[in-house]
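Below, all heavy atoms of this structure are taken into account, side chains as well, without hydrogens, waters or symmetry copies.
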Amino acid sequence: MTDAVPTPEGKGLAKSAGALAGLKVIDLTRVLGGPYCTMILSDHGAEVVKIEPPQGDEVRDWGPPFVEGSASYFIGVNRNKRSLALDLGKPEGRQVLMRLLDGADVLIENYKPGAMEKWGMGYAEVLSKRFPKLVHCRVSGFGPDGPLGGLPGYDAVIQAMVGLMSINGNADTGPLRMGTPIVDLATGLYSAIAILMALQERNRSGQGQFLDMSLHDCGMALLHPQAANYFLNDRRPKATGNPHPNISPYSKYRTATCEVFLAVGNDPAFRKFCEFLSLKSLPDDARFRTNGDRLANRDQLTEIIEARLAAEDGHDLCDRLLKAGVPAGPVLHVDEAMNAAHTAHREMVTELGAYKGLGTPIKMSRTPGGTRAAPPRFNEHGDDILARHGFTADEVDELKAKGIVVGTRRT
C-alpha cells in the first residue's frame, strides 16, 4: 500500500493520504471483529498487512454471494488491505512474522489466548522487549483468565450470554438474536478506539502496550439503558420489542403507505408532535401529561396515534415531521436504504471498479478517508510485501518451496 490517492473512477474514494498515513499494522485476525477494526484503520490511511493462514480467512467461504471466489462476508470488511498467506504453524513462518514486525506500529490478532506465548511470541516476554513501541491488540472471546478465560467466543453466543438477546424481541418471540453481528462489530470499533488511545499515549511515553479486548466485555458494554435501569431499580429488564423501555412515544407505527418510527423524547417534543398532528388535547390528558404517564398508558397512546396516522403517507409525513423538528423516519428495507438520496449524498456507498461496499462513516475535513483498493485476493501481495521487508527473491522462492508462503488456499 502507498500513500497515493487512487486514480480510477469511483464513488467514496479516499481523497487524501489519510489521518493514519504512515501507520503500519500487521493484521493476524480472521472472521469479523478484528478485520472490521483494521478496515477502519486502513480506510484512513494505515498500511494494513493482512496475514492469512494457509486455508485463508474462513469468511472467504461464507456465501453466497461470491465474487471471484470470495464471499460478500469477506469483501465487506477487508478493503484497502494487502494479503500475505503465511504458515505460522511452522517456525520459519514465525521467523518471517518477526521480520515483518520490525518497524510495525500495531499487531492485532485473534488467536486463542496463549497461542502467541506457545509460539514464543508472547507480548510480555518477547514482543515488548524486541519491539518496545509496538501496540499489541488481542481480540478473544472471554479474555485470558477467569471462569471462562481462554474459551472460544462467537457473536451470537455472546449475545445470548451477556443479556443482549434477552432485551431483543418481545413477549411473543422470546429472546432474539440481533440481525447484525453487533458484538463482533462493536468489538472491532472498541478495538480501533483502544489502538488509537494506545498510540496517542505512546506519543508521550515512547512505549507500546498490550490491549486485552474481548467479545464478552464489548458485548456487555452495549447494554444501555437496560444495565443502568437494573442497577437503579434492581428489576430484570425485559424485551419490549420496538417500544423504548424508558420513553413513550418511541416506537414503530403504521401509516397508509409504510411503517414509521417516531422518537418523541421529552414533554416539549410531545407537545410539538401533538400540535403538528392536531392532537392538541393529548398533552393535557392525565394519561399522557408526563413521560411516566405515557409509559404507563403506552397501549392507549399507540391506538390514538395509529388511528391518526392511518390515512397518512408515511414517507411524506416523516419528511414534514423532521422539518418541524420531530424525529421520525420511514422503516426502510436494506435495498431502499442503500438507494436513498441522502445515502448517496453522504457517500455511504463506495465503488471502485467492480468493488462496491459501505462507505466510511468517519468524515474528516482535511484528511478524509475512503476506498483506496478493493479487498485483496488470497496472497495477492505476498511477493511485494516480502520484498519490501528485505526478503530476496531466492528467500521468497525458498519460503514458497517449503510451504511457508502459500499461493493457493489449502483445503
Side-chain angles (χ1 to χ4, degrees), residues 159-160 162-180 182 220-333 336-337 340 342:
Q159 284 195 37
V162 302
L164 285 169
M165 280 181 60
S166 77
I167 59 166
N168 196 37
N170 56 36
D172 294 329
T173 65
L176 194 66
R177 182 182 70 85
M178 295 186 181
T180 60
I182 190 67
M220 187 161 283
L222 300 176
L223 284 168
H224 185 81
Q226 287 80 13
N229 291 345
Y230 169 70
F231 292 143
L232 204 60
N233 63 22
D234 202 32
R235 282 190 234 144
R236 175 180 290 177
K238 63 180 181 179
T240 59
N242 286 301
H244 194 286
N246 293 53
I247 307 170
S248 180
Y250 197 111
S251 188
K252 183 181 72 168
Y253 301 90
R254 292 186 294 267
T255 72
T257 57
C258 67
E259 293 179 310
V260 301
F261 204 98
L262 305 175
V264 184
N266 54 48
D267 293 342
F270 183 63
R271 288 188 174 276
K272 181 184 289 187
F273 169 72
C274 292
E275 183 174 349
F276 182 91
L277 292 178
S278 299
L279 296 172
K280 297 180 181 179
S281 65
L282 286 191
D284 295 321
D285 188 314
R287 298 172 296 172
F288 311 128
R289 281 190 189 126
T290 69
N291 183 66
D293 297 329
R294 294 191 291 275
L295 280 173
N297 298 286
R298 184 178 359 230
D299 291 344
Q300 297 171 59
L301 182 58
T302 297
E303 283 185 28
I304 294 169
I305 292 173
E306 290 202 326
R308 170 62 183 82
L309 302 184
E312 293 278 356
D313 176 341
H315 297 278
D316 177 69
L317 172 67
C318 288
D319 285 343
R320 291 186 287 120
L321 281 168
L322 281 173
K323 289 171 183 175
V326 178
V331 179
L332 301 179
H333 293 283
E336 294 174 310
H342 199 71

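- Inter-residue side-chain proximity for L317 and L277 is flagged as met; some heavy-atom pair is nearer than 4.5 Å.
- A donor-acceptor pair is defined here as one N or O able to donate and one able to accept, closer than 3.5 Å; no such pair exists between the side chain of N291 and the backbone of G265.
- In this structure, D293 contributes its side chain and T290 its backbone to a donor-acceptor pair below 3.5 Å.
- Contact of the H315 side chain with the L332 side chain is registered, since non-hydrogen atoms from C-beta on lie closer than 4.5 Å.
- Considering every non-hydrogen atom in both A256 and A310, the closest pair reads CB-O, 3.2 Å.
- Under 3.5 Å, the side chains of T257 and D313 contain a donor-acceptor pair of N or O atoms.
- Taking CD1 from I247 and CZ from R298, the interatomic distance works out to 10.0 Å, rounded to the nearest 0.5 Å.
- Residues V260 and L321 form no side-chain contact, since every pair of their non-hydrogen atoms from C-beta on lies 4.5 Å or further apart.
- Interatomic distance, CD of Q226 versus CG of N168, reported as 9.5 Å (0.5 Å rounding).
- Between the side chains of T302 and D299, no donor-acceptor pair of N or O atoms lies under 3.5 Å.
- The neighbour count for Y253 OH, taken as heavy atoms of other residues, nucleotides or ligands under 6.0 Å away, is above 12.
- Once rounded to the nearest 0.5 Å, the distance linking CG of D284 with CZ of R289 reads 6.5 Å.
- Separating the CD atom in Q159 from the CD1 atom in I182 is a distance of 8.0 Å, to the nearest 0.5 Å.
- A distance of 10.0 Å separates CG in L262 from OG in S248, rounded to the nearest 0.5 Å.
- Closest approach of P225 to P245, counting heavy atoms only: CG-CG, 4.1 Å.
- Salt-bridge check for D267 with R294: passed, with a basic side-chain N closer than 4.0 Å to an acidic carboxylate O.
- No side-chain heavy atom of D285 sits under 4.5 Å from any side-chain heavy atom of N297.
- Counting heavy atoms from C-beta outward, L282 and F270 have side chains that approach closer than 4.5 Å.
- With sequence neighbours excluded, the residues satisfying side-chain hydrogen bond (donor to acceptor under 3.5 Å, both in side chains) with E312 are R308, R320.
- For the atom pair OG (S166) and CZ (R236), the distance works out to 8.0 Å, reported to the nearest 0.5 Å.
- In terms of heavy-atom proximity, G329 sits nearest to C318 at C-SG, 3.3 Å.
- Here the closest non-hydrogen pair linking N242 and K252 is ND2-CE, 3.4 Å.
- Taking a 6.0 Å sphere around CD of E275, one finds it holds 12 or fewer heavy atoms contributed by other residues, nucleotides or ligands.
- Contact check for I304 versus F288: side-chain heavy atoms found under the 4.5 Å cut-off.
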I would like to know whether L223 and Y230 meet side-chain contact (heavy atoms from CB on, under 4.5 Å); could you show each step before the answer?
CA-CA 10 Å; L223 284 168; Y230 169 70; over 6 Å; no

